[in-house]
Amino acid sequence: MSTRSAGRQVAIVGYAHSRIERRSDRPLGAITVDTARDAITDAGLTVADIDGFVSDPRLPSVGGHEVVDGVSVVTSPWLAQTLGADARLAAGHVGYSPITSSVIVAANALASGACDYVLLHRSLHNPAGRYHAATSPDVGGEAQWTVPHGMVGPPVGIALPYNEYILRYGATREALAEVVVEGRRNGARLPWSYWHGKPLTVEHYLSARMISDPISLYDCDIPVDGVAAFVLTTTDRAADLPHRPVVVDGYAKGMPVAHRPQGLLVLDDMMEAGFTLVNRLWEQSQTGITRDDIDVPQLYDGFAPLIYVWLEALGYCGVGEAHEFVRDGRISAETGLPILSGGGAIGNGRMHGVPQMLECYLQLSGRAGERQLDRAEVGLACHGLPLYGGAVLYRAG
Amino acid sequence: MSSAPIRLSPDTGSSGYWDAARRNELALPVCDECGNLTLPPAPVCPNCGTTAPRWRFTPVSGRGTVRSWTLVRNSFHPAFDHLVPYLVADVELDAQPGLRVVGRLLDEGAEPPRLGDRVQTSFQELADGLTVPGFVREHT
Ligand SMILES: [Zn+2]
């Protein structure tokens, strides 16, 4: 047994998810309050029970859009106050891999006794206008090292390490098409998804326009308005609640490995950070979970090529082999390794790590309905890039 | 020459780079304590940890090796609206192993480079008073 299980055990005990829309006609705060109330009800609780609120409110755009609490972002203090909760803790972590950080804060607040019931939410907004386009000609600070060189925005940023992968290992667009098509196939089955009922064919993927070669349109998750909320508590309290609890078994965060111009992603940096993160994850499992124990591995796909990095960092295949691994049905939710069974970001919309956490929760609590996997005792939710990102292990309670 | 709408606000951590570029020179910040090149300069030297790196912009070789590239088709900044599609290269500079920078490939009608192609720094005036280092392929 690991020595990492100090404090009380913590579990997810309920959730709610709004409909994911390209642009909602309602303010984000209104959707968030509805979703939070639904999640609290789902957990068999009332607002009066919730004494902790955790979120990352970041609007992940580089376009300089206005940030207004309750409208374009929703912070935990705003939500606690608006719900009329008697909160002892309203914490926000702003940065990379928001979901991992939120789970870490929530789990430790509960394990230490700082709170009894935590509402963890993530609200994502798609602002009017172009998502990443600069709204001002001014360039200063860190952006001086990239923007004047024509490197503007995340799609250009991710195109460089993806092309480095292609140039080294001979990956093809046809291989990545299988990843995106699998994500969209599973997303099409989710009633809340933006892509509900809209699977994608390989032909359609291949004919889509290029954004920043080799990144094409459907390699990028689509910006949306959407909200998810989860309720967490200690496992002793969870025993009295209606749903099967899903226990937080361990987590690890990725760390930067080299000092670079902001947004310059280097493939070797990502792999180095990924191996470190994965080793730390196994070390920090409360029950000694490692890769081969995982039934529901949910890999992060905010940009589709990140699937390759996660597959290789986790050791599902060798370095440079993921583009072959993903082919011929080997990542099928029904017959292969179900890395995108929850649709991922590609199959839901830009929900920033929510799909991976939600699929772990739904499968491990036995609430995935017709999509329920035969065996779902241990889950892994990966969030963001291994560099800066994170991962959380879950086990059925 | 372009009158592209980009306004740069250099600071003490970058003016040495932009001043040199105007003279068609590539100058990078070197740590006074350990002599390591770092981009961007930081309050604490990432190599030796000194809190007084006293970054000095020093001329370096603009030659390097292509590690990756992308063909940018969507302009996300008005300065590039008239330039798309354009190639951006990720280049490891000869000046120091592992030192990576990005720059536009300025060769006219350039084909995408291959992994390991050799390049050298070249300069282009992106807006009035703003000269930006980029790269051209070396002819072997
Ligand atoms: Zn130094």
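Given the structure is predicted, the values throughout are model-derived calculations rather than measurements. Residue numbers start from 1 in every chain, and the chains themselves are labelled A, B, ... in the order their sequence lines are given, proteins ahead of strands.
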Atom [atom1] in [X], atom [atom2] in [Y]: separation rounded to 0.5 Å?
X	Y	atom1	atom2	value
D268(A)	R67(B)	CG	CZ	9.5 Å
R100(B)	D269(A)	CZ	CG	7.5 Å
H259(A)	L39(B)	NE2	CG	7.0 Å

Of V156(A), D213(A), I215(A), which meets side-chain contact (heavy atoms from CB on, under 4.5 Å) against L71(B)? D213(A)
Do the side chain of [X] and the main chain of [Y] share a donor and acceptor less than 3.5 angstrom apart?
X	Y	value
H149(A)	G134(B)	no
H77(B)	G150(A)	no
S9(B)	V139(A)	yes

Closest-packed option against chain A by number of heavy-atom pairs under 4.5 Å, given [options]:
options	result
P46(B), G116(B), G103(B)	P46(B)
V72(B), D90(B), V102(B)	V102(B)
P133(B), A89(B), A42(B)	P133(B)

Looking only at non-hydrogen atoms, find the nearest pair between [X] and [Y] and report the distance.
X	Y	result
I6(B)	P148(A)	CD1-CA, 4.3 Å
W145(A)	S14(B)	CZ2-CB, 3.6 Å
S68(B)	E164(A)	OG-N, 3.2 Å

Chain B contacts, top residue of [options] (heavy-atom pairs, under 4.5 Å):
options	result
R209(A), Q144(A), M210(A)	Q144(A)
V147(A), I166(A), V266(A), I211(A)	I211(A)
T146(A), N163(A), L264(A)	N163(A)

What part of [X] lies closer than 4.5 angstrom to a heavy atom of chain A: side chain, backbone, both or neither?
X	answer
P40(B)	both
P85(B)	neither
V132(B)	side chain
P112(B)	neither

So what's closer than 4.5 Å to chain B heavy atoms on R168(A): side chain, backbone, both or neither?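 Both backbone and side chain of R168(A) come within 4.5 Å of chain B.
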Is any side-chain heavy atom of W69(B) closer than 4.5 Å to one of L167(A)? yes
Just checking R114(B): does its CZ atom have more than 12 heavy atoms from other residues, nucleotides or ligands closer to it than 6.0 angstrom?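 No, not enclosed.
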